[in-house]
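We number each residue from 1, following the sequence as shown. Just so it is clear, the model here is predicted, and its values are computed rather than measured.
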Amino acid sequence: MDIFDVLTLIGGLSLFLFGMSIMGQALERRAGGNLRQLLGKFTTNKAAGLLTGLGITAVIQSSSATTVMVVGFVNSGLMTLKQAINVIMGANIGTTVTAWVLSLAGIESSNMFVRLLKPASFTPILAVFGIVFYMFYKNDRKKDTGMILLGFATLMFGMETMSGAVAGLRNIPWFQSLFIMFQNPVPGVLAGAILTAVIQSSSASVGILQALAVTGQVSYGAAVPIIMGQNIGTCVTAMISSVGANKNAKRAALVHLSFNVIGTIVWLMVFWLIKATFSLPFLDMSASLLGIAVAHTVFNLLCTILMLPLSGFLEKLVNRLVPDAKQPETYSQLDERLLSTPSIALERCYEVTADMAKTAVSALKESLSYLPDKVPDLAASVRRKEERTDYYEDILGTYLVKLSAKQISGQDSAQAAKLLKMIGDFERISDHAVNLLESGEEMQEKGLMFTADAVSELQIIISAVNEILDLSLTSFLENDLTAASMVEPLEQVIDQLKEQMRTRHIFRMQQGRCSIDAGFIWSDLLTNLERTSDHCSNIAGCVIDMAHQNMNIHESLRNIRNDSEDFKQKFRAYAGKYSLECL
């Protein structure tokens, strides 16, 4: 083996790691919705948590990434430590999928149909289809499909290149001695742990082991301890990600490490005892690619079988190793660790925006209740909620900008843009809540009163604003297009009410029935109520636009008003419902 073989080996390894990375990212984008559905099931029981971890890791091809995601969820308070333990155990099984795919490279047969299963036979075809999908289609899902195929082809080409580069090692004495040394379990475990810690992927390190196995110098006796060590090395990523997280997130990362260390120690002792007690000729046999995949899967299954009943013990262990802080800890609502899985981060943004929406709408409704009753507790509540909404806008705006900078699908990018638009509207609704509150407080301080007619009119527009708030909130929370379509006609009715009520109040002032000071407050109230309805219209317009994959809100609303008979019917119905003529 000369310098050119070494360069070829490095190049092959680089292609292998690059192919695995881009394939995992494209798979994640392609299956973003399914990932969100899987994560919705982790709260039920042990089996559901286990399958969730297995499924997600099989999709994104990295147990390290899954565990980092879990640490982020625990740090955000979205997942308990008990739930995290089950997901982490499932991730350890899911990570074995890659080795099975790579084992196809070891197929040897003269039969044409069997040879077609060998990656060297079909990856060129996949690469052709992949480049066609990637270069000639504009649809994001098709482009991601192309990236998956190209990533897989690159990964397998890198595997073949590595295998070819190391083939010359089979006759080198020091290489033979190296793997004889690894038959001693302790050096084997250390070698597997160090290699995996460096490249931070047990799937990749198993692939490298499979590539070395083509030399015929890797025996099962050496491969098994190395595989055991790889499970420990893969914990490095999660441990690093837990730095700066809260206690529970640190415990989740420590669960991953404890699970793999305890499992490795127990089964390494069993392996050593069996090896010392019985003569097992197969341990001296050369390991095949398929044999390494089987060993990897069996070991991870055995670890899970051992530790799943002991999940309570694991929880107590990490609680003892990382004791509770003296002061209660806060949770990070938008953990940056989740940005490594953009589809999950976007789902979390939706959940936080939903909290923001409910808070803003609640603040506005409380301010409307304050106007007639002047309850001090309501005033304090409105201000707290307005401050909370400002906080939500700050963290969501920053987080969504970071998320948009990631490699995300076109659909997810549009969803992120939609949320960025909406959080501004929700924040303004809470501002109008405070404005309405201050108008009510000013009336109380100055001892001002509206006339009975004005109070009756105000109740009508307040009822209309309450309804439009409910419709816009429902349209956002439930993606309800029916509710969204009812917002714009009601908003037009509120605009009409505002002008009618302003005109009527001018007449009352001219007749001396209402003071000028009260008239100023009346104008402020109407302005804030009408602008609240405008923001509700923007929110519903966003929901409609996204359903039609169009981001031009003004064009959509204009089309609804001008071209829809349904709009005209709803407008007439609301105009009759909230008419001032009945007063």
Side-chain angles (χ1 to χ4, degrees), residues 21-40 42 56 59-62 64-79 139-141 143-144 147 237-238 240-245 249 331-357 359-360 388-427 476-477 479 538-539 542-543 545-547 549-551 553:
S21 175
I22 63 171
M23 183 177 72
Q25 290 172 6
L27 278 166
E28 181 190 321
R29 288 194 299 271
R30 191 72 172 77
N34 293 328
L35 283 181
R36 292 194 280 269
Q37 290 175 11
L38 277 172
L39 278 168
F42 59 56
I56 290 174
V59 169
I60 64 178
Q61 298 282 297
S62 173
S64 297
T66 302
T67 308
V68 169
M69 191 193 312
V70 167
V71 170
F73 269 97
V74 174
N75 195 49
S76 301
L78 302 174
M79 186 186 289
N139 182 282
D140 287 320
R141 294 177 70 82
K143 278 187 172 293
D144 285 335
M147 285 298 289
T237 310
I240 293 172
S241 78
S242 70
V243 174
Y331 289 103
S332 174
Q333 289 188 297
L334 292 169
D335 196 290
E336 297 210 4
R337 294 165 186 81
L338 299 181
L339 290 172
S340 61
T341 315
S343 60
I344 304 301
L346 183 61
E347 179 67 16
R348 180 57 188 151
C349 287
Y350 262 104
E351 293 169 358
V352 175
T353 305
D355 290 340
M356 179 187 186
T359 303
R388 186 69 180 165
T389 307
D390 286 346
Y391 166 74
Y392 277 132
E393 184 190 32
D394 183 38
I395 63 170
L396 277 165
T398 303
Y399 197 82
L400 283 166
V401 168
K402 290 180 180 178
L403 177 60
S404 299
K406 298 286 183 181
Q407 286 188 330
I408 57 178
S409 66
Q411 184 179 1
D412 282 353
S413 179
Q415 296 288 346
K418 165 188 166 183
L419 290 180
L420 274 169
K421 287 185 177 184
M422 285 186 172
I423 59 175
D425 287 304
F426 288 126
E427 191 276 334
F476 170 67
L477 294 180
N479 199 31
N538 290 342
I539 292 162
C542 260
V543 173
D545 284 341
M546 289 308 302
Q549 297 184 340
N550 171 33
M551 289 303 292
I553 292 177

Margin query: With side-chain contact (heavy atoms from CB on, under 4.5 Å) as the criterion, how do K402 and K406 come out once you've worked through the C-alpha distance, each side chain's angles and the decisive distance to 0.1 Å?
Written below: CA-CA 7 Å; K402 290 180 180 178; K406 298 286 183 181; over 6 Å; no
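Atoms NZ and SG, on K421 and C542 in that order, are 5.5 Å from each other to the nearest 0.5 Å. With rounding to the nearest 0.5 Å, the separation of OG1 in T398 from CD in E393 is 9.5 Å. To the nearest 0.5 Å, atoms CG (D355) and CG (L477) are separated by 9.5 Å. Taken to the nearest 0.5 Å, the CG atom of N538 stands 4.5 Å off from the CG atom of D425. To the nearest 0.5 angstrom, L396 atom CG is 12.5 Å from M422 atom CE. One finds the CG atom of L403 at 6.0 Å from the CG atom of L346 (value rounded to the nearest 0.5 Å).
Here the closest non-hydrogen pair linking M356 and I423 is CE-O, 3.1 Å. When all heavy atoms are compared, the tightest approach of A249 to N75 is CB-CB, 3.7 Å.
For the side chain to side chain contact (heavy atoms under 4.5 Å, CB included) with E336, the qualifying choice from L334, L338, L339 is L339, the only one to do so.
With hydrogens and angles ignored, the 3.5 Å screen pairs a side-chain donor or acceptor of R348 with a backbone N or O of Q333. Proximity of a side-chain donor or acceptor of R337 to a complementary backbone N or O of V71 within less than 3.5 Å is not detected. Put simply, the side chain of Y399 gets close to the backbone of D335: a donor and an acceptor are under 3.5 Å apart.
Taking 4.5 Å as the limit, some side-chain heavy atom of T237 sits within range of a side-chain heavy atom of V68.
Two rings, from Y392 and F426, have their centers 6.0 Å or more apart.
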